[in-house]
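Remarks on the structure that follows.
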Amino acid sequence: MKNTLRLIAAAAVLAIAAPAYAQGGGGGGMGQMSPEQRMARQKEMLFKDITLDAAQTTKVDAILAESAKKQQEMMQAGGMEAMRSPEGREKMQKLNADRNDAIKAVLKDDQKKKFDENLAAMPQGRPRGGL
């Protein structure tokens with residue numbers, strides 16, 4: 001069960017990282033990591049300087065796994081082109097916002113503040129350059 005949740009969570013990271021990599025955000029960073037490494041890196045960045053207790057960890061892992069499952073379903077239903085459309089990006093942003101809200105519901109007030117700071121510090125997909 002745990003491995004299944006990890007696999008689902010890793011798929012979510014792929015769904016998030018793939019558009020950024022395709023837009024030139026890969027470089028030597030997350031684009032060359034395994035799905036497990038990407039998931040661990042994302043969790044590390046989101047929860048930097050936040051210590052979760054066992055109950056919080058269980059809840060957060062479940063939230064991340066559910067979000068990954070939904071992202072994977074969206075990808076399977078519409079493919080990468082649909083995800084790059086304005087509607088697809090909007091759906092993904094809503095899914096991520098819902099995930100973040102669910103995570104914040106598990107956190108204590110001081111943890112929420114740090115989570116928001118960590119979220120703001122995460123690299124975002126860059127717009128494509130060109131003519």
Side-chain angles (χ1 to χ4, degrees):
M1 178 71 177
K2 251 186 183 176
N3 286 337
T4 302
L5 291 176
R6 287 183 181 151
L7 184 60
I8 291 170
V13 173
L14 281 174
I16 294 168
Y21 184 79
Q23 294 178 3
M30 289 181 51
Q32 297 178 0
M33 295 181 183
S34 71
E36 294 82 13
Q37 289 170 321
R38 275 190 285 278
M39 184 62 198
R41 179 68 178 141
Q42 181 186 38
K43 194 171 178 182
E44 177 185 319
M45 290 173 15
L46 284 173
F47 295 98
K48 183 179 184 231
D49 298 327
I50 299 173
T51 302
L52 301 175
D53 63 31
Q56 287 176 312
T57 300
T58 300
K59 290 175 185 176
V60 164
D61 286 346
I63 291 165
L64 291 173
E66 181 63 24
S67 178
K69 180 180 173 187
K70 288 178 182 178
Q71 288 178 350
Q72 185 177 17
E73 289 169 358
M74 287 174 62
M75 290 290 294
Q76 289 173 344
M80 283 302 293
E81 288 305 314
M83 295 309 299
R84 290 183 181 141
S85 71
E87 298 82 17
R89 282 193 302 269
E90 187 176 313
K91 286 180 184 179
M92 187 62 74
Q93 288 172 345
K94 169 122 175 61
L95 184 61
N96 288 337
D98 290 347
R99 177 203 62 204
N100 294 339
D101 289 344
I103 289 171
K104 287 200 278 188
V106 172
L107 301 177
K108 298 173 185 159
D109 288 340
D110 60 322
Q111 293 172 320
K112 288 177 191 177
K113 181 180 179 200
K114 188 61 182 168
F115 180 82
D116 285 336
E117 291 172 9
N118 292 345
L119 195 58
M122 287 185 70
Q124 303 297 313
R126 294 186 306 221
R128 291 185 193 197
L131 302 173

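Just so it is clear, the structure is predicted and the values come from calculations on it, not from any experiment.
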Assess the residue pair Lys114 and Glu117 against the criterion (salt bridge (charged side-chain N to carboxylate O under 4.0 Å, His left out)); give the C-alpha distance rounded to whole Å, side-chain angles, the decisive distance to 0.1 Å, and a yes or no. CA-CA 5 Å; Lys114 188 61 182 168; Glu117 291 172 9; 3.5 Å; yes
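Of all the heavy atoms in Asn118 and Leu46, the pair that sits closest is ND2-O, 3.0 Å. Among all heavy-atom pairs drawn from Lys43 and Thr57, the shortest one is NZ-CG2, 4.3 Å.
At a threshold of 4.5 Å between non-hydrogen side-chain atoms, the residues Asn96 and Arg99 count as touching. Contact annotation: the side chain of Arg89 never approaches that of Met92 to less than 4.5 Å [non-hydrogen atoms, C-beta and beyond]. Here the side chains of Ile103 and Phe47 are in contact, with some heavy-atom distance below 4.5 Å. Between Gln111 and Leu52 there is a side-chain heavy-atom pair separated by less than 4.5 Å.
Classification of Lys113 and Asp116 as a salt-bridged pair fails, no side-chain N sitting under 4.0 Å from a carboxylate O.
Atoms CD and NZ, from Glu44 and Lys48 in turn, are 9.0 Å apart once rounded to the nearest 0.5 Å. Within the model, atoms CG of Leu107 and CD1 of Ile50 stand 6.0 Å from one another, a figure rounded to the nearest 0.5 Å. The distance from atom CG of Asp110 to atom CG of Asp49, rounded to the nearest 0.5 Å, is 12.0 Å. Here the straight-line distance linking atom NZ of Lys112 with atom CG of Asp101 works out to 10.0 Å at 0.5 Å rounding.
Looking at Glu66, its side chain never comes within 3.5 Å of a backbone N or O of Ile63 through a donor-acceptor pair.
Heavy atoms from other residues, nucleotides or ligands lying under 6.0 Å from NZ of Lys91 number 12 at most. The number of heavy-atom neighbours closer than 6.0 Å to NZ of Lys59, taken from other residues, nucleotides and ligands shown, is 12 or below.
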